[in-house]
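As the structure is a prediction and not an experimental result, all values here were calculated from the model. Per chain, numbering begins at 1; letters A, B, ... match sequence-line order.
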Protein chains: 2
Amino acid sequence: MRSNPERRQALIDAAIEVLARDGARGLTFRAVDAEAAVPPGTASNYFANRDDLFTQVGGRIYERLLPDEATIARSREGLQDETRYAELMHELVDRISAFNSGYLALLELRLESTRRPELRAVLTKRIREDIDANIGYHAASGLPGDSTSVVLVYLALNWLIVERLTLPDIFTQQEIHELVDAAVRRSLNP
Amino acid sequence: MRSNPERRQALIDAAIEVLARDGARGLTFRAVDAEAAVPPGTASNYFANRDDLFTQVGGRIYERLLPDEATIARSREGLQDETRYAELMHELVDRISAFNSGYLALLELRLESTRRPELRAVLTKRIREDIDANIGYHAASGLPGDSTSVVLVYLALNWLIVERLTLPDIFTQQEIHELVDAAVRRSLNP
DNA sequence: AACGTAGTACTACAAGCGGAGTGGTGTCAA
DNA sequence: TTGACACCACTCCGCTTGTAGTACTACGTT
């Protein structure tokens with residue numbers, strides 16, 4: 001088992017692209033090799049088996065979907081009211097939709113996790129942490145709304161992104177925009 | 001190309017199970033044959049190619065996820081208020097979660113549709129029709145809420161089901177119940 | 001009632017593809 | 001010199017497809 005960290009990371013990032021493009025079943029050592037443009041057989045040296053590959057990808061992908069620190073810092077500026085909240089959610093949807101393959105790969109991982117207990121454990125932990133972090137961050141930010149509203153917005157936006165990425169003709173850009181606004185506004189009233 | 005309708009339907013239903021269990025890439029003629037317990041080569045005779053198989057499954061699966069007529073009839077009874085609305089949504093979530101493999105298969109199809117234009121067209125049409133039907137049905141039912149609230153509930157419940165089916169430990173049964181209630185209640189606020 | 005025919009079920013085969021895993025060799029740096 | 005890694009090549013294996021050929025069954029015809 002090799003341990004060159006940059007190479008390992010490059011392989012994992014390549015695996016994310018493969019997942020998004022070819023699906024979970026298409027995630028093979030050889031496909032990762034090809035995507036990362038390294039000689040065939042390389043991925044075999046970095047991951048014990050496919051299960052290992054899946055869990056390592058599961059551990060990494062979530063980091064790449066989260067906002068970078070500059071974005072977080074920026075989000076704390078200005079008046080923290082409902083309008084600002086909606087603005088932040090628009091940015092969130094755009095950011096995640098932009099990293100198209102990352103989100104699709106995460107969906108593939110979710111589906112694959114019905115077959116791989118280890119992967120499911122990793123994803124459950126990551127996602128539960130993320131939800132809790134969102135709730136905590138929200139409470140500290142001064143934005144309006146309670147924990148239930150945070151979760152409701154999380155639910156609605158996730159499916160909205162699924163819709164946008166998998167069947168882009170269901171909702172127009174305009175409708176998506178309005179739905180984000182509505183999700184924020186309506187979730188706030190208890 | 002054979003045309004025995006029961007057999008074709010049995011093959012498509014088998015394909016749904018295969019999709020849910022093995023993913024889109026695992027949906028091969030042979031796997032369908034095995035799942036349907038028919039001799040190998042049979043599926044080859046009923047579908048021109050894999051693309052054809054995918055689109056036929058896409059056309060059928062949605063029917064199986066919709067409520068049967070008895071359920072629809074029952075939903076029209078009683079006082080059509082917010083409590084009743086929540087009750088109907090609980091039933092919806094339970095019903096879809098119960099047909100586990102159907103929903104997972106639909107997710108697999110959505111992901112696969114990023115690679116198959118024909119399938120995407122079929123799914124887009126079906127789902128758009130379903131959303132519109134929901135809106136129309138809702139308007140006629142006397143239940144509270146406008147079209148935006150219907151779509152918001154649709155979004156939230158879909159992701160809630162994804163969460164429940166793919167990572168069941170994220171939310172407890174209790175939390176899911178409360179989230180359905182909250183989604184209905186809050187979506188009604190204009 | 002016997003026959004013929006069409007459609008379907010079943011079986012078998014040939015060929016190809018793609019992946020896994022591993023072992024050997026070259027290379028670089030400590 | 002030694003150890004870790006990159007690269008390359010080779011073998012084995014499993015699975016899928018597509019089709020051709022044969023057997024069966026039901027139905028309509030005479």
Side-chain angles (χ1 to χ4, degrees), chain A residues 1-58 60 105 108-109 111-112 114-116 118-119, chain B residues 1-58 60 105 108-109 111-119:
Chain A
M1 180 96 77
R2 308 295 156 79
S3 65
N4 180 337
E6 295 96 42
R7 204 156 229 246
R8 162 163 273 117
Q9 186 131 318
L11 288 171
I12 292 178
D13 287 345
I16 292 175
E17 297 303 318
V18 173
L19 263 180
R21 176 162 33 83
D22 300 333
R25 194 82 166 225
L27 184 64
T28 65
F29 287 158
R30 289 300 197 263
V32 172
D33 292 335
E35 178 70 27
V38 295
T42 303
S44 292
N45 292 326
Y46 278 85
F47 307 96
N49 45 50
R50 284 185 77 220
D51 222 82
D52 185 32
L53 175 57
F54 272 105
T55 51
Q56 290 202 35
V57 173
R60 164 121 175 95
E108 293 280 0
L109 285 177
L111 287 169
E112 189 64 18
T114 58
R115 290 153 227 150
R116 298 181 189 273
E118 259 190 77
L119 176 59
Chain B
M1 181 94 75
R2 307 295 154 79
S3 64
N4 179 338
E6 294 98 42
R7 205 155 227 245
R8 159 163 274 117
Q9 187 132 316
L11 288 171
I12 292 178
D13 287 344
I16 291 174
E17 297 303 319
V18 173
L19 262 180
R21 177 163 31 83
D22 299 333
R25 191 87 164 225
L27 184 65
T28 65
F29 288 156
R30 287 303 196 262
V32 172
D33 291 335
E35 178 70 27
V38 296
T42 303
S44 292
N45 291 326
Y46 277 84
F47 307 96
N49 46 48
R50 282 186 78 222
D51 222 83
D52 185 31
L53 175 57
F54 272 105
T55 51
Q56 290 202 34
V57 173
R60 164 118 174 96
E108 292 281 359
L109 285 177
L111 287 169
E112 189 64 18
S113 78
T114 59
R115 290 154 228 150
R116 298 182 188 270
E118 257 190 77
L119 175 59

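Taking both residues in full, the closest heavy atoms of B:Val32 and B:Leu27 are given as CG2-CD1, 3.7 Å, listed atom of the first, atom of the second, then distance. Closest heavy-atom contact between A:Leu19 and A:Ala105: CB-CB, 3.8 Å.
Reading DNA chain D from its 5' end, the first and the last nucleotide to sit under 4.0 Å from a heavy atom of chain B are D:dT16 to D:dT19.
Put simply, the side chain of B:Arg8 gets close to the backbone of B:Arg2: a donor and an acceptor are under 3.5 Å apart.
Screening residues 31-55 of chain A for salt bridge (Lys or Arg N to Asp or Glu O under 4.0 Å) gives A:Arg21-A:Glu35, A:Asp51-A:Arg116 as the qualifying pairs, with residues at least two apart or on separate chains. Pairs of residues two or more places apart, or lying in two chains, never qualify as side chain to side chain donor-acceptor pair (under 3.5 Å) while including a residue from residues 36-47 of chain A.
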I'd like a table of atom pairs between the protein and nucleotides 15-18 of chain C - only N or O on both sides, under 3.5 Å - with the distance next to each one.
none

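Under the rule for a salt bridge (charged side-chain N to carboxylate O under 4.0 Å, His left out), the partners of A:Arg115 that lie at least two apart in sequence or sit in another chain are A:Glu112, B:Glu108. A:Asp13 is linked by a side-chain hydrogen bond (donor to acceptor under 3.5 Å, both in side chains) to A:Arg60, A:Arg64, counting only residues two or more places apart in sequence or in another chain. When the side-chain hydrogen bond (donor to acceptor under 3.5 Å, both in side chains) test is applied to A:Arg30, no partner is found at least two apart in sequence or on another chain. Looking at residues two or more places apart in sequence or on another chain, you find no side-chain hydrogen bond (donor to acceptor under 3.5 Å, both in side chains) involving B:Asn4. Evaluation of the side-chain hydrogen bond (donor to acceptor under 3.5 Å, both in side chains) rule for A:Arg7 yields no partner, not counting sequence neighbours. Evaluation of the side chain to side chain contact (heavy atoms under 4.5 Å, CB included) rule for B:Ala36 yields B:Leu11, B:Ala14, B:Val38 as partners, not counting sequence neighbours.
Contact annotation for B:Phe47: no contact, since no heavy-atom pair falls under 4.0 Å across all strands. Backbone-only contact: B:Ser3 has heavy atoms under 4.0 Å from sugar-phosphate atoms and none from a base.
Nucleotide C:dG21 holds its P atom 12 Å from the CG atom of A:Asp33, rounded to whole Å.
A:Leu119 CG to A:Thr114 OG1: the interatomic distance, rounded to the nearest 0.5 Å, is 9.0 Å.
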* For nucleotides 22-30 of chain C, just jot down a letter per nucleotide in 5' to 3' order: B, S or -, based on protein non-hydrogen atoms under 4.0 Å. => B--------
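No side-chain heavy atom of A:Thr55 sits less than 4.5 Å from a side-chain heavy atom of A:Phe47.
Near DNA chain C, meaning a heavy atom under 4.0 Å from it, residues 13-23 of chain A has no residue at all.
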